[in-house]
Amino acid sequence: MTPAINLAKKAKISHKVHEYQHDASSESYGLEASEKLGLAPEQVFKTLVVSLDSKELVVGIVPVNAKLSMKLIAKAVGAKKANMAEPSEVQRSTGYVLGGVSPLGQKKRLKTVIDASAQQQNTIYVSAGRRGLEIELSPDDLAKLTGAKFSELAQ
């Protein structure tokens, strides 16, 4: 079990774990998850870590078929600027490898913002902590477990 799955179990929230055969040559881990699990891309979300001008790391969760707007995530957390965080910083702070970063069970709990489109879904899928593993849960449960807020993030 990954820290993400353990957290969901410990919190006793309703969730399902879905596994698929990850292809190392896949260019987009999120779109690969959507295709292999036969899901609409609007229902599968990717976990991205950005670095703010204050050097604080923040998590943005957006649909796999969308791009995270740096302007919108900065605005959502009251910062002036945001850039994608360095991969080594991401791995060190979350404890997960790129392509398998889960918003749940991170080593250091980071401020989290979920794209508002998630609220239109009954359940969404996010990484369960490793490539080829997704966890399905309600957007509200994800927000509760991560202390996240919902905001427009996708461009």
Side-chain angles (χ1 to χ4, degrees), residues 1-20 22 24 26 28-34 43-64 66-119 121 123-155:
M1 290 295 123
T2 66
I5 296 167
N6 291 338
L7 178 67
K9 280 185 174 171
K10 194 172 155 196
K12 294 182 171 46
I13 60 133
S14 176
H15 68 282
K16 287 187 192 134
V17 176
H18 302 269
E19 201 164 358
Y20 62 90
H22 167 63
S26 180
S28 168
Y29 300 118
L31 288 173
E32 177 193 28
S34 163
Q43 203 177 2
V44 182
F45 284 68
K46 55 188 171 187
T47 306
L48 301 170
V49 181
V50 299
S51 178
L52 304 176
D53 43 346
S54 64
K55 302 292 178 236
E56 179 187 3
L57 296 180
V58 172
V59 174
I61 302 171
V62 295
V64 296
K67 249 183 106 163
L68 174 63
S69 164
M70 293 301 147
K71 266 191 182 129
L72 291 175
I73 192 162
K75 185 178 164 195
V77 295
K80 284 184 176 62
K81 271 180 93 168
N83 292 299
M84 290 305 295
E86 290 295 320
S88 59
E89 265 187 305
V90 174
Q91 288 183 215
R92 196 172 33 255
S93 66
T94 65
Y96 293 118
V97 297
L98 293 189
V101 176
S102 178
L104 301 169
Q106 296 177 353
K107 214 163 34 173
K108 185 176 165 208
R109 189 161 158 180
L110 302 174
K111 194 179 287 180
T112 302
V113 185
I114 304 168
D115 186 65
S117 69
Q119 293 175 296
Q121 306 289 337
T123 61
I124 61 171
Y125 296 72
V126 294
S127 175
R130 71 165 204 257
R131 296 172 189 157
L133 199 62
E134 296 284 307
I135 186 166
E136 176 187 2
L137 69 173
S138 82
D140 289 339
D141 282 340
L142 178 60
K144 225 180 293 169
L145 289 175
T146 59
K149 69 177 191 174
F150 292 96
S151 188
E152 297 294 329
L153 294 180
Q155 65 178 27

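Note that the structure is predicted; figures quoted are calculated from it, not measured. Counting from 1, the numbers follow the sequence of the chain as shown.
- Listed for the Q43 side chain is a donor-acceptor partner under 3.5 Å among the backbone atoms of T123.
- Contact check for K46 versus Y29: no side-chain heavy atoms found under the 4.5 Å cut-off.
- Residue K16 places its NZ atom among 12 or fewer non-hydrogen atoms of other residues, nucleotides or ligands, all under 6.0 Å distant.
- Of all heavy-atom pairs spanning G60 and I73, the tightest one is CA-CD1, 3.6 Å.
- Summarising the geometry of F45 relative to I124, their closest heavy-atom pair is CE1-CG2, 3.5 Å, with the distance given to 0.1 Å.
- A distance of 8.5 Å separates NZ of K107 from CZ of R92, quoted to the nearest 0.5 Å.
- At a threshold of 4.5 Å between non-hydrogen side-chain atoms, the residues L72 and Q155 do not count as touching.
- Residues G129 and S102 approach most closely at N-CB, 3.7 Å, considering heavy atoms.
- Proximity of L142 to P103: side-chain heavy atoms (C-beta onward) are separated by under 4.5 Å at one or more points.
- In this model, a donor atom of one side chain and an acceptor atom of the other lie less than 3.5 Å apart for S117 and D115.
- For E56, the salt bridge (charged side-chain N to carboxylate O under 4.0 Å, His left out) partners two or more places apart in sequence, or in a different chain, are K111.
- In this structure, L153 CG and K71 NZ are separated by 14.5 Å, a value rounded to the nearest 0.5 Å.
- A distance of 11.0 Å separates OG of S151 from CD1 of I114, quoted to the nearest 0.5 Å.
- Residues Y96 and P3 meet the side-chain proximity criterion, which asks for heavy atoms closer than 4.5 Å.
- The environment of M84 atom CE is dense: over 12 non-hydrogen atoms of other residues, nucleotides or ligands sit within 6.0 angstrom.
- Between atom NE2 of residue H15 and atom CG of residue L145 there is a gap of 10.0 Å, rounded to the nearest 0.5 Å.
- The shortest non-hydrogen separation linking S93 to L110 is OG-CD1, 4.0 Å.
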side-chain contact (heavy atoms from CB on, under 4.5 Å), that's the test. Do L133 and I5 meet it? Break it down for me.
CA-CA 10 Å; L133 199 62; I5 296 167; 3.8 Å; yes

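- Atoms NZ and CD1, on K144 and I13 in that order, are 8.0 Å from each other to the nearest 0.5 Å.
- Counting only heavy atoms from C-beta outward, the side chains of K67 and V62 never approach each other to under 4.5 Å.
- Taking the side chain as every heavy atom from C-beta outward, V97 and R130 never approach each other to under 4.5 Å.
- In terms of heavy-atom proximity, V44 sits nearest to A33 at CG1-CB, 4.3 Å.
- Interatomic distance, S54 OG to K80 NZ, rounded to the nearest 0.5 Å: 10.5 Å.
- Contact between V101 and S127 at its shortest, heavy atoms only, is O-CB, 3.4 Å.
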